[in-house]
Amino acid sequence: MTNDCTHASGWERTDGGAQQCRDCGTRRFTDYGALRPPGPAPVVRPSPEDARRADRAAAIVISRTIRHISRWGHSAAAFWAAA
């Protein structure tokens with residue numbers, strides 16, 4: 001379904017932070033708070049096992065990357081060329 005309305009008549013504010021076109025009734029949300037469900041935000045904490053697994057994966061990535069740190073920003077040819 002396409003809407004060819006140009007919303008030329010303007011927008012009027014409705015409840016909950018939404019705005020509605022006066023001609024076609026299209027609603028738009030300009031405030032993030034209008035899209036949040038009521039109540040406090042849920043707190044998400046990984047299980048201790050998942051946290052350890054994530055820390056280990058990050059350590060492996062860092063340990064593999066540190067060997068190539070001197071080549072960051074340089075081509076392989078420039079790295080191996082005699083200075």
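These values consider heavy atoms only, across backbone and side chains, with no hydrogens, waters or symmetry-generated copies.
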Would you name the heavy atoms of Cys21 and Trp11 that are closest together and state the gap between them? N-CE3, 3.3 Å
Shortest non-hydrogen separation from Arg22 to Ser9 and the atoms involved: NH1-O, 2.7 Å
Are Asp55 and Arg52 ion-paired here, with the side-chain N under 4.0 Å from a carboxylate O? no
For residues His7 and Asp23, determine if any side-chain heavy atom of one lies less than 4.5 Å from a side-chain heavy atom of the other. no
Given Thr26 and Arg28, is the side-chain contact (heavy atoms from CB on, under 4.5 Å) satisfied, shown in steps? CA-CA 7 Å; Thr26 298; Arg28 71 178 182 181; 5.7 Å; no
Answer with yes or no whether the side chains of Arg27 and Gln20 bring together a donor and an acceptor at under 3.5 Å. no
